[in-house]
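Just so it is clear, the structure is predicted and the values come from calculations on it, not from any experiment. Letters A, B, ... are given to chains in the order of the sequence lines, protein chains preceding strands, and every chain is numbered from 1.
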Amino acid sequence: MDVLTTPLLTGTATGAILLLAALGLTLTFGQMGVINMANGEFLMVGAYVAYMTQQVISSTGISTVVALPMAFIVAGLLGLVLEVTVIQWMYRRPLDTLLVTVGVSLVLQQLAQDIFGAQGDPVSAPSWLGGRITVFGYEWPHRQLFTIVLAAGALAALNAVLKYSSFGRQIRATVQNRELAETMGVSTRNVDRITFFVGSGLAGVGGVAIALISGTNPNLGTSYIIPAFLVVVVGGVGQLKGTVLAAWAVGVVTAFLTDWTSGSWAQVVTFALVVLFLTVRPQGFFTVRTRSLA
Amino acid sequence: MTVTATESAESTRAPGGLRPSMTPARLLKSHGALIAIAVLAYLLLVWAPGSMTAFRLGNLGKYCALALASMGIGLAWGRGGMLVMGQGVFFGLGGYAMAMHMKLEAAGPGQVPDFMVLYGDGTMPGWWEPFRSGAFTIFAIIALPALTSFILGYAILKRKVKGAYLAILTQALAVAFATLLIATIKQTGGFNGLNTFTTFFGHNLYDPEVKKNVYRIAAGLVILFLVILWQIYRSRYGELLIATRDAEERIRFLGYDPANIKLVSFIVAAVMASVGGAIFVPIVGIISPSSVDASASILLIAGVALGGRASLLGPALGAIAVGYGRSSLSERFPTQWTYFQGALFILVVLFLPGGAASLTSRLRSLLSRVRSVRPATSRRVDVAPAAPAVHVEPEALA
């Protein structure tokens, strides 16, 4: 039983972090065609927010609770700054945003290294996250469960906003047809900015979860950004359900492969599987049907 | 449309070569690129070996090796519209193939490389064996990347995977490749890579004259591939490639398969990166995962973006400039290089998407805008137009 449950559970936890990182990507990519390679660094920012709140508030329980909204706001604001200063000038050149944000991510990594040092800092988890729960004979750490709860909560909130609020309707309208949304009086520029804020903020929340599991590190984002993009690619652009399914699939498949082979072979095989998947379904799991040619 | 005036003039030029009636001005226009290549050839092959110290020459040779990979990116990205972010993989295939051969040369016939005794049980995996032969190694340097890029390119290009998807997938490939190398320490030297070579095809690598000749090979390869690229760019295929980049659907409706057109440039770019990697090894003396991973691949792109992705000489010169900038800046400010690299990406892509090669045409358009009273036209210098609208710059028709 262990051979099945262990990778399944740890993989689901990894998938939850990937989901938090990928939600922002899929929103901004689907809506604006913008590829934000700096999204991984927003994870890193979230992790450092968790670290800093812990320096200020000594109680690990309270600091974790405080860190979550803080990380959302700090990472979100950074994303907003990025949008206003750089991205907004490049909407006509979506592929180029990829390179520009690569530059931004390099700068952010070096900044973190200069401020906090090249060595990572540990973040201690509150006691209520220190325990383990036994699931089918596997001692599952609470922290992994917490990641899943966090991702599920963020997903539910995002879904509710998208579905029921008027702002969510505006986002969906912009994703589906930008020009038409504009003619209907939607300020797509404002929608873009807020989407960027929310997407970056979600990555920040994911960063807190990462910090609780493995501490902070200036290069923390680089190990998550590529899997997160693979999630977006597999899930289909601008689709919440596709992203959720893809994040879970990538997380679990990688965990199983790691179990059977090794961490590095798992990466290689996962990559090969994604390429294979794309040759079968180039549009991802789900896609909005359009009449466009491409 | 992004082709600058001189480029399109030379590529739309009727075939048939030089005619005696050509005036010097027309000659310059049609063969200016060749003249520029000749000047570069003089600088790299005659001037530099004569007047630079061995250390500087070695550095320049390293930049030439990187320039080969960057020139390939220029072909795939600038002309083909495919942002390939994992050229480090192909650079690594060539580099490791060459390094394996040199490692076996250093070990001597019948012996195994030292690190295999150090980390493993002293047995050599079977796939190392053919690399004892120099001829096979050279064959592998061409064939390995060609085959790999064909399989990968066929799989993703045929399914119309493009743009950002292609960029992400190629970068993921680079990440996977580097991880794989690190994990297989007994077979590939792992994180330390392959180093401590003694001979290059039988010639002592510590001999200054041999070093100089290795540099000459690297510089010669740059010139050779520049001429090949020049020929590709002025050929019918070069035109098709640009057309595919700018209006893929039209090309499809005209009866071509855009995937095949792009696949060719993808493969050529991979082979160029591999050749660069192969000549990188004897010059630098080491190949390790850090010179083939995702960030190494991105550094290659930096040179292309700086020089001008769609131009002939831009990627090569840009790569050499980035190489020089990197070594001189990190000598002076060890930790600041990353900031410079980041800023380079942001500023160049934001303000000068055509790279340094577009400086003159941008200045010219700026001047004419200042001079003329007519309202500003929607003249765009975008390398990749968002909408595939056909928009011919007036000067491109001249």
Against chain A, label B:Leu344 side chain, backbone, both or neither, depending on which of its atoms sit under 4.5 Å from a heavy atom there. neither
Heavy-atom cut-off 4.5 Å, strictly under: side chain, backbone, both or neither for B:Ala155 against chain A? both
Could you check if a side-chain atom of [X] sits within less than 4.5 angstrom of a side-chain atom of [Y], using non-hydrogen atoms only?
X	Y	answer
A:Leu98	B:Leu83	yes
A:Ile35	B:Ile168	yes
B:Val175	A:Thr222	no
A:Leu99	B:Trp77	yes
A:Val100	B:Phe345	no
B:Thr179	A:Trp265	no

Quick one: pull up CD in A:Gln267 and CG in B:Leu180 and give me the separation to the nearest 0.5 Å. 9.5 Å
Measure the spacing between CZ of B:Phe340 and CD of A:Gln110 and express it to the nearest 0.5 Å. 11.5 Å
Between B:Ala172 and A:Ile226 the two heavy atoms that sit nearest each other are CB-CG2, 3.5 Å
Residue pair B:Leu169 / A:Phe271: nearest heavy atoms and the distance that separates them: O-CE1, 3.1 Å
Among the options B:Gln171, B:Arg159, B:Arg252, pick out the one with the most heavy-atom pairs lying under 4.5 Å from chain A. B:Arg159
Can you establish whether the number of heavy atoms outside [X] located under 6.0 Å from its atom [atom1] is more than 12?
X	atom1	value
A:Trp248	CH2	no
B:Tyr339	OH	yes
A:Phe116	CZ	yes
B:Lys186	NZ	no

Starting from the C-alpha separation in whole Å, work towards a yes-or-no answer on side-chain contact (heavy atoms from CB on, under 4.5 Å) for B:Gln341 and A:Val107. CA-CA 8 Å; B:Gln341 197 193 343; A:Val107 170; over 6 Å; no
Strictly distance-based, threshold 3.5 Å: is any side-chain N or O of A:Arg93 a donor or acceptor partner for the main-chain N or O of B:Pro353? no
Residues of residues 290-299 of chain B within contact distance of chain A, non-hydrogen under 4.5 Å: B:Ile298
Quick one: which of [options] has the most heavy-atom pairs under 4.5 Å with chain B, could you say?
options	value
A:Val269, A:Val274, A:Asp114	A:Asp114
A:Leu108, A:Ile225, A:Val268	A:Val268
A:Leu230, A:Leu111, A:Val104, A:Val102	A:Leu111

Within residues 79-90 of chain A, residues adjacent to chain B where the heavy-atom gap is under 4.5 Å: A:Val86, A:Trp89, A:Met90
